[in-house]
Amino acid sequence: MIVRTWSARADTAGAREYATYFKETLQPQLRELPGFLGAYLLSRDLGGEVELTAHTLWKSLEAIRAFAGDDIGVSIVEPEAQAMLASYDRTATHRSVLFSSA
């Protein structure tokens, strides 16, 4: 299993909007892709700004490539989502899961 990680920052209202977008729009779209296994959206209050970190779980790098394209390091952030965020990473990182208790 591969975890794809990406981060962004938003004000409190933008973070709430993005969480709703992630749950109601993005996650259902991802669920339709072969090899998508699930997702976590984490938040951290930075005192006036919220850091959001998305962790998506994939069966393989090939499944990620089908979602992200040949350059899997490029983040995929739709214009609708960009409007909710103050800033976001232009790249995503990937890590192999060595152990999971889930």
Side-chain angles (χ1 to χ4, degrees):
M1 178 170 43
I2 309 294
V3 178
R4 178 179 169 93
T5 303
W6 167 87
S7 295
R9 292 185 180 217
D11 61 24
T12 303
R16 276 195 304 267
E17 286 179 57
Y18 186 78
T20 299
Y21 166 82
F22 192 93
K23 179 181 175 184
E24 296 178 2
T25 303
L26 182 58
Q27 195 265 153
Q29 292 172 354
L30 293 173
R31 284 251 175 245
E32 295 183 15
L33 299 176
F36 176 75
L37 302 174
Y40 294 93
L41 181 63
L42 309 178
S43 70
R44 179 170 67 135
D45 186 347
L46 298 175
E49 190 172 51
V50 178
E51 179 186 53
L52 299 165
T53 306
H55 300 270
T56 53
L57 312 174
W58 300 86
K59 184 176 182 180
S60 65
L61 289 174
E62 292 75 27
I64 295 171
R65 203 167 277 112
F67 160 69
D70 287 334
D71 187 354
I72 62 170
V74 174
S75 63
I76 307 298
V77 186
E78 297 298 331
E80 178 183 2
Q82 291 177 24
M84 302 169 197
L85 304 170
S87 64
Y88 61 92
D89 290 349
R90 301 297 195 248
T91 58
T93 60
H94 303 87
R95 292 175 177 83
S96 297
V97 175
L98 300 178
F99 171 79
S100 172
S101 65

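In what follows, every heavy atom counts, from backbone to side chain, and hydrogens, waters and symmetry copies are set aside. Each residue takes its place number in the sequence, starting with 1.
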- Message: Less than 6.0 angstrom from the centroid, inside 45 degrees of the normal: does Arg65 satisfy that with respect to the ring of Phe67?
- Response: no
How many angstroms lie between atom [atom1] of [X] and atom [atom2] of [Y], to the nearest 0.5 angstrom?
X     : Y     : atom1 : atom2 : result
Thr5  : Asp89 : OG1   : CG    : 10.0 Å
Leu42 : His55 : CG    : NE2   : 4.5 Å
Glu17 : Phe22 : CD    : CZ    : 16.0 Å
Glu49 : Asp11 : CD    : CG    : 8.5 Å
Asp71 : Thr91 : CG    : OG1   : 9.5 Å
Thr25 : Glu78 : OG1   : CD    : 10.5 Å

Side-chain contact, heavy-atom cut-off 4.5 Å: [X] with [Y]?
X     : Y     : result
Tyr88 : Leu52 : no
Leu41 : Gln27 : no
Leu26 : Tyr18 : yes

Shortest non-hydrogen contact between [X] and [Y], atoms and distance:
X     : Y     : answer
Arg31 : Leu37 : NH1-O, 4.0 Å
Ala68 : Ile76 : O-CD1, 3.9 Å
Tyr21 : Ala81 : CE2-CB, 3.6 Å
Pro34 : Ala63 : O-CB, 3.7 Å
Leu46 : Arg9  : CD1-NH1, 3.2 Å
Trp6  : Val77 : CZ2-CG2, 3.5 Å

- Is a donor on one side and an acceptor on the other found under 3.5 Å between the side chain of Arg4 and the backbone of Ile72? yes
- Query: Any link between Trp58 and Leu61 through a network of hydrophobic side chains (Ile, Leu, Val, Met, Phe, Trp, Tyr) touching at under 4.5 Å?
  - Reply: yes
- Linking I/L/V/M/F/W/Y whenever any side-chain heavy atoms sit under 4.5 Å apart, do Met1 and Tyr40 land together? yes
